[in-house]
Amino acid sequence: MTNCPECDAEVSCGAMIAGEIFPCRDCGTELEVIATTPIAIERAPKEAEDWGE
Ligand SMILES: [Zn+2]
């Protein structure tokens, strides 16, 4: 178990793999699994979506 870096909600990390990106179920921030032993997560870098149209 670890915590969301954005809202500090507990994030379940039962079946995470490094490099996986998933949304925080609490705040919706996209989080990337940096490492699994021990678990480390970061906010995923925002990819260019439909900004600046
Ligand atoms: Zn969060």
Side-chain angles (χ1 to χ4, degrees):
M1 194 73 86
T2 187
N3 293 80
C4 172
E6 188 70 13
C7 70
D8 209 38
E10 284 192 346
V11 176
S12 170
C13 50
M16 286 181 181
I17 53 173
E20 186 177 359
I21 293 176
F22 63 97
C24 172
R25 66 181 178 184
D26 214 72
C27 69
T29 298
E30 301 236 295
L31 304 173
E32 180 173 2
V33 181
I34 305 302
T36 53
T37 50
I39 189 74
I41 59 173
E42 274 183 8
R43 269 187 292 179
K46 270 279 181 193
E47 291 185 22
E49 291 177 4
D50 49 353
W51 296 357
E53 264 188 47

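Counting starts at 1 for both ligands and their atoms, following the listed order.
Of all heavy-atom pairs between Pro45 and Glu32, the closest is CD-OE1, 3.5 Å. The two residues Val33 and Met16 have their closest heavy-atom pair at CG2-SD, 3.6 Å.
When hydrophobic clusters are built by joining Ile, Leu, Val, Met, Phe, Trp and Tyr residues whose side-chain heavy atoms come closer than 4.5 Å, directly or via intermediates, Val11 is not grouped with Ile34.
The side-chain heavy atoms of Leu31 and Pro23, taken from C-beta on, include no pair separated by under 4.5 Å. Counting heavy atoms from C-beta on, the side chains of Asp26 and Cys4 never come closer than 4.5 Å.
The distance cut-off of 2.8 Å around the Zn ion (ligand 1) captures these protein N, O or S atoms, sorted by chain and number: Cys4 SG, Cys7 SG, Cys24 SG, Cys27 SG.
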(request) Quick one: do Arg43 and Glu6 satisfy side-chain contact (heavy atoms from CB on, under 4.5 Å)? Show the steps, please. (result) CA-CA 7 Å; Arg43 269 187 292 179; Glu6 188 70 13; 3.1 Å; yes

